[in-house]
J.: 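Here you go, one structure.
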Amino acid sequence: MLPWIYMSPNDKVRVRFAPSPTGHIHLGNVRTALFNWLFARKHGGTFILRIEDTDLERSEARYETQLIEDLKWLGLDWDEGPDVGGPFPPYRQSDKMDVYKGYAERLIKERKAYYCFCTAEELERDRQQAMAEQRQPNYSGKCRNIDPAEAERRRAAGEPAAIRLQIPERPIRFHDIVRGDVEFSNEVVSDPIIVRSSGMPTYNYVVVIDDADMKITHVIRGDDHISNTPKQVAVYEALGLPVPEFAHLSTILGPDRERLSKRHGATSVASFRDMGVLPEALMNYLALLGWAPSGGDREIFSKDELIKEFDLDRVNAAPAVFDFTKLYWINRHYIKQSPPERIHQMGTEALQRAGLLPASVNGNVSGWTNGLIDLLAPYVDQLDQLPEKAKIIFNHDAAAALALPENAELFASDKTKAVMQAFAKHAVNESPLTPERFKAIMDEIKAETGAKGKDLFHPVRIMLIGSHSGPDFNKLIPLIEDGSKLELPTHVKSVHERVTEFIATQKN
RNA sequence: GGCGCUAUCGUCUAGGGGUUAGGACGUGAGAUUCUCAAUCUUAAAACCCGGGUUCGAUUCCCGGUAGCGCUACCA
């Protein structure tokens with residue numbers, strides 16, 4: 001029996017994130033990338049990006065580009081990878097096929113692996129039968145004892161053969177930082193195929209070679225790999241390679257407690273970016289999924305604070321439900337504490353995308369836009385909600401406001417009508433209306449009609465923005481008046497226009 | 001079916017053989033504001049079930065249940 005060689009804990013930390021470029025990067029994977037990155041940075045180690053594209057059918061170059069862009073956006077960087085190189089290339093599996101082949105031949109020669117001539121149909125039949133008899137469906141071991149010379153003859157004769165790794169007759173155990181010692185019976189592992197009859201190596205085999213070649217010390221990945229780990233440990237041992245530490249991260253679930261997927265809405269990094277979620281907010285939230293600082297009473301962490309506080313031994317093994325609401329709360333926090341210029345910039349882009357602003361914003365328009373964003377930003381937790389909120393400025397629709405059922409009760413009141421009439425009378429002659437004049441007018445109306453509080457302000461607000469709730473008049477009125485003088489794709493109606501239109505519509 | 005992992009408020013979690021079981025999101029109430037949002041204060045809200053060990057178990061052990069994962073010549 002081969003002695004197990006473990007990584008010395010003193011070895012410099014080397015970790016990797018190894019995605020398949022088969023689609024947009026998903027939240028669960030990003031969290032895995034983040035934990036790898038945090039662990040590396042925490043311990044002054046190396047973070048490696050490796051592209052697992054052995055599935056040539058589904059892998060696409062554009063996804064690799066996208067993935068790199070997404071990780072960078074989040075704020076991650078890597079020390080070795082397909083785009084930056086490194087001492088252990090290649091960082092793309094598709095460039096390494098001959099290496100895998102060499103190791104497989106060595107295992108055959110050392111009789112740690114053998115050719116298997118069983119057909120897929122045969123295997124499937126055995127499996128079905130085992131299931132029917134309520135047994136563990138594992139490989140029968142039929143080809144294990146075929147004489148190597150005989151196997152060679154059959155292969156030479158053109159019979160297709162896969163290569164199986166011979167699993168030792170003892171339990172396979174490994175250490176997991178998140179879960180402690182894990183043990184699997186060799187019965188369960190059975191002899192896994194490491195090279196298909198097509199000659200293509202399988203994942204559980206290549207991943208070991210890659211990790212060993214790259215001198216990975218800690219394999220941090222999703223817990224969907226935990227049942228594969230004993231197979232991989234067997235490969236390390238057969239090859240006489242040091243076994244790394246493992247850390248299997250729990251699954252991220254959707255609100256229905258099922259694995260988070262597209263069904264649950266936005267789940268790719270790109271979609272959060274497009275929604276106007278700030279990268280530091282996403283990073284902060286993701287770090288809190290399955291990890292908490294000692295004490296557990298802090299929620300907001302900058303990148304540097306995360307690096308300082310994070311460690312794998314505090315990672316929670318239980319699956320976590322992704323809470324969009326909490327992410328948005330964190331995002332609002334970061335929006336509020338961002339430098340205004342940044343939010344102005346991002347908000348302007350969101351309004352441009354919605355077609356509310358011209359492609360190039362400068363001078364008066366720029367100043368006005370910043371004011372608009374300052375007014376509306378407290379109302380949103382994602383920046384892409386700004387155009388919707390900006391409707392109160394851009395889409396004045398008297399008819400719609402009058403038709404709104406929630407306003408009906410108000411319109412029925414004589415007091416309301418009086419206030420509206422009075423406001424129309426005063427405001428029509430004011431152009432532009434200033435906050436000071438507005439206040440004076442409201443005081444006069446109060447005296448004339450006897451209305452005060454909600455009775456006084458609600459009707460006026462409805463005339464101006466169609467709703468009885470909204471931002472402060474002192475900020476709202478200048479924004480409307482200034483906006484009405486700008487050349488914009490959608491004209492902003494002045495107070496005068498809004499009021500006359502409202503009265504006219506009401507009369508009809 | 002088999003194997004594995006997991007189990008503290010609705011959600012993310014802290015804690016741990018004796019605690020008023022702590023924090024955060026969300027929810028309710030109050031304050032503030034013309035209103036809404038924001039903000040502040042405040043309240044309600046949890047140790048999956050059953051055995052065992054123990055003077056004492058939510059915490060340790062065993063079993064059950066449930067959720068999730070794996071069970072491929074996918075990754």
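Sequence lines set the chain letters: A, B, ... in the order given, protein chains first and strands last, and positions in each chain run from 1. Just so we're clear, the structure is a prediction, and the values are computed from it rather than from any experiment.
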J.: Atom CG of A/D224 and atom C1' of B/rU71: how far apart are they, to the nearest Å?
T.: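 So the two atoms are 13 Å apart, to the nearest Å.
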J.: Could you tell me whether A/T202 contacts a base, only the sugar-phosphate backbone, or nothing, with contacts defined as non-hydrogen atoms closer than 4.0 Å?
T.: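 It contacts sugar-phosphate atoms only.
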J.: Within the structure shown, what part of the strands sits under 4.0 Å from A/R221 by heavy-atom distance: base, sugar-phosphate, or nothing?
T.: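 Counting heavy atoms under 4.0 Å across all strands, no contact is made by A/R221.
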J.: Tell me what A/C116 touches on the nucleic acid: a base, only sugar-phosphate, or nothing, going by heavy atoms under 4.0 Å.
T.: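 It contacts nothing in the nucleic acid.
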J.: Select base, sugar-phosphate, or nothing to describe what A/R332 touches, counting heavy atoms under 4.0 Å on all strands.
T.: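 Contact class for A/R332: sugar-phosphate only.
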J.: Could you check which nucleotide pairs with B/rU35 in any of the strands shown, counting Watson-Crick or G-U wobble with both distances under 3.5 Å?
T.: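 Checking every strand shown, B/rU35 finds no partner, since no pair has both distances under 3.5 Å.
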J.: B/rC36, B/rC73, B/rA72: which one has an atom nearest the side-chain heavy atoms of A/I193?
T.: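 Output: B/rC73.
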J.: Given B/rC36, B/rC5, B/rG10, which nucleotide is nearest the side-chain atoms of A/I226?
T.: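 Nucleotide nearest to A/I226's side chain: B/rC5.
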J.: With a non-hydrogen cut-off below 4.0 angstrom, is A/K389 in contact with a base, only sugar-phosphate, or nothing?
T.: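 Since no nucleic acid heavy atom lies under 4.0 Å of A/K389, the category is nothing.
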J.: Mind checking the P distance from B/rG10 to B/rC5? Whole angstroms is fine.
T.: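 Those two atoms are separated by 27 Å.
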J.: Can you tell me which nucleotide in B/rU11, B/rC36, B/rC34 comes closest to the side chain of A/Y379?
T.: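 That would be B/rC36.
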J.: Hunt down the Watson-Crick or G-U wobble partner of B/rA46, both distances under 3.5 Å, from any strand shown, or write none.
T.: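 Its partner: none found.
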J.: B/rU6, B/rC25, B/rA75: which one has an atom nearest the side-chain heavy atoms of A/R179?
T.: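 When the side chain of A/R179 is considered, B/rU6 is the closest of B/rU6, B/rC25, B/rA75.
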J.: Out of B/rG4, B/rG1, B/rA75, which nucleotide sits closest to the side chain of A/H225?
T.: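 Of the options given, the side chain of A/H225 lies nearest B/rA75.
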J.: Taking only the P atom of each, what is the distance from B/rA37 to B/rU13 in whole angstrom?
T.: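 B/rA37 and B/rU13 have their P atoms separated by 29 Å.
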J.: Which nucleotide in the list B/rC73, B/rC25, B/rU13 gets nearest to the side chain of A/A292?
T.: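 Within the option list, the nearest is B/rU13.
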J.: Taking all atoms of both residues into account, what is the closest heavy-atom pair of A/D191 and A/I167, and its distance?
T.: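 Heavy atoms only, the tightest pair is OD1-N, 3.0 Å.
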J.: Given the C1' atoms of B/rG64 and B/rU6, what is the spacing between them in whole Å?
T.: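 Taking atom C1' in both B/rG64 and B/rU6, they lie 15 Å apart.
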J.: Ignoring the backbone of A/N204, work out which of B/rG23, B/rU6, B/rA75 is nearest its side chain.
T.: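 Of all the options, the side chain of A/N204 is nearest to B/rA75.
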J.: So, are A/K439 and A/E436 salt-bridged, with charged N and O less than 4.0 Å apart?
T.: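 No salt bridge links A/K439 with A/E436.
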J.: Using whole Å, report how far CG of A/L375 lies from P of B/rC36.
T.: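 Rounded to whole Å, this separation is 16 Å.
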J.: Taking the side chain of A/Y203 as its heavy atoms from C-beta onward, which of B/rA75, B/rU11, B/rC5 lies nearest to it?
T.: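 Side chain of A/Y203 sits closest to B/rA75.
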J.: In terms of side-chain heavy atoms, does A/E448 have a donor or acceptor partner in A/H426 at a distance below 3.5 Å?
T.: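 Their side chains do contain a donor-acceptor pair, which is all the 3.5 Å distance test asks for.
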